[in-house]
Amino acid sequence: MTEFTERVIAIIKSVPAGKVVTYGQVAAMAGSPRGARQVVRVLHALSMKHGLPWHRVINAKGEIGFPDSESREIQMMSLESEGIEVRNGKIDLAVYQLQAENLAE
DNA sequence: AGCTTGACTGTGG
DNA sequence: ACCACAGCCAAGC
């Protein structure tokens, strides 16, 4: 378990309902501005084990970046239930993206 | 130790 | 807005 991974877990857990973060954003806060892919790995590998709110983590385009139709529907539904407006699978980052200053460092 | 892969990102056409 | 290309980093073989 790398320090990066632990940081990612802590950050994801600190994301409040009604807000989302991008992979790159989490990576940057975890100490690796270019480590978005590692965030991805941590997410799908440890989300269940740690009970992380993976549905609040999306890509820089404001979309659910994955092809699995079933899971993405679940994610979209979870987001909407938290008050996040999802239109055509896309989220308004300008409104719903969590600001770094509000997260643990 | 080397190569491949991926729920990514930014830049450019 | 969409597609192609190139960087990046850790895990899996």
Side-chain angles (χ1 to χ4, degrees):
Chain A
M1 184 75 84
T2 65
E3 181 183 321
F4 175 79
T5 302
E6 294 180 49
R7 277 174 164 246
V8 171
I9 294 172
I11 293 170
I12 300 300
K13 286 168 62 177
S14 67
V15 179
K19 288 289 180 180
V20 297
V21 288
T22 67
Y23 301 104
Q25 185 183 357
V26 174
M29 291 186 288
S32 295
R34 309 301 171 191
R37 313 189 84 128
Q38 277 51 262
V39 174
V40 168
R41 181 187 314 287
V42 173
L43 239 102
H44 74 81
L46 306 178
S47 59
M48 292 181 284
K49 181 180 179 182
H50 288 258
L52 302 177
W54 56 273
H55 54 267
R56 295 183 194 140
V57 186
I58 60 181
N59 65 23
K61 297 170 188 151
E63 306 175 304
I64 299 172
F66 81 62
D68 182 359
S69 57
E70 286 186 66
S71 299
R72 58 183 275 175
E73 264 190 73
I74 296 175
Q75 175 163 19
M76 179 167 62
M77 178 180 66
S78 300
L79 294 173
E80 293 187 338
S81 68
E82 294 180 351
I84 298 174
E85 182 182 24
V86 182
R87 293 196 318 179
N88 195 28
K90 299 178 185 176
I91 298 169
D92 188 343
L93 289 177
V95 176
Y96 301 105
Q97 181 171 34
L98 180 65
Q99 299 307 303
E101 51 200 44
N102 298 328
L103 276 182
E105 299 156 33

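Since this is a predicted model, take the numbers as computed values, not measurements. A, B, ... follow the sequence lines: proteins, then strands. Residue 1 opens every chain.
A chain of hydrophobic side-chain contacts below 4.5 Å, direct or via other Ile, Leu, Val, Met, Phe, Trp or Tyr residues, connects A:Val95 to A:Ile64. Taken together through direct or relayed side-chain contacts under 4.5 Å among Ile, Leu, Val, Met, Phe, Trp and Tyr, A:Ile74 and A:Leu46 form parts of separate hydrophobic clusters.
Taking every heavy atom of residues 54-62 of chain A and every atom of DNA chain B, pairs under 4.0 Å involve A:Trp54, A:Asn59, A:Ala60, by number. A heavy atom lying under 4.0 Å from DNA chain B marks none of the residues of residues 74-81 of chain A. Residues of residues 33-44 of chain A having a heavy atom closer than 4.0 Å to DNA chain C, listed by number: A:Arg34, A:Arg37, A:Gln38, A:Arg41.
The side-chain hydrogen bond (donor to acceptor under 3.5 Å, both in side chains) search around A:Ser81 returns none, not counting sequence neighbours. A:Ser32 is linked by a side chain to side chain contact (heavy atoms under 4.5 Å, CB included) to A:Phe4, counting only residues two or more places apart in sequence or in another chain. Residues satisfying the side chain to side chain contact (heavy atoms under 4.5 Å, CB included) criterion with A:Val86, sequence neighbours excluded, are A:Met76, A:Leu79, A:Glu80, A:Ile84, A:Ile91. For A:Glu3, the salt bridge (Lys or Arg N to Asp or Glu O under 4.0 Å) partners are A:Arg7, not counting sequence neighbours.
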Donor-acceptor pairs are to be reported for all side-chain atoms of residues 33-40 of chain A against protein atoms at under 3.5 Å, with residues two or more places apart or in another chain.
none

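Annotation: the span from A:Ile9 atom CD1 to A:Leu43 atom CG amounts to 9.5 Å, rounded to 0.5 Å.
Contact check for A:Ile58 versus A:Leu93: side-chain heavy atoms found under the 4.5 Å cut-off. Counting heavy atoms from C-beta on, the side chains of A:Gln75 and A:Phe66 come closer than 4.5 Å.
A:Thr2 comes within contact range of the sugar-phosphate backbone alone, with a heavy-atom separation under 4.0 Å but no base atom that close. At a threshold of 4.0 angstrom between heavy atoms, the contacts of A:Thr5 with the nucleic acid are absent.
Contact detail for A:Ala30 and A:Ile11: the closest heavy-atom pair is N-CD1, 3.6 Å.
On the nucleic acid side, DNA chain B has its first and last nucleotide under 4.0 Å of a heavy atom of chain A at B:dG6 to B:dG10, going 5' to 3'. From the 5' end on, the contacts that DNA chain C makes with chain A at under 4.0 Å to a non-hydrogen atom open and close at C:dG7 to C:dA11.
Looking only at distances, a side-chain donor or acceptor of A:Gln99 sits under 3.5 Å from a matching main-chain atom of A:Gln97.
A salt bridge (charged side-chain N to carboxylate O under 4.0 Å, His left out) check over residues 39-54 of chain A, counting only residues at least two apart or in different chains, returns nothing. Sorted by first and then second residue, the pairs that involve residues 53-65 of chain A and meet side-chain hydrogen bond (donor to acceptor under 3.5 Å, both in side chains), not counting sequence neighbours, are A:His55-A:Glu82, A:Arg56-A:Glu82.
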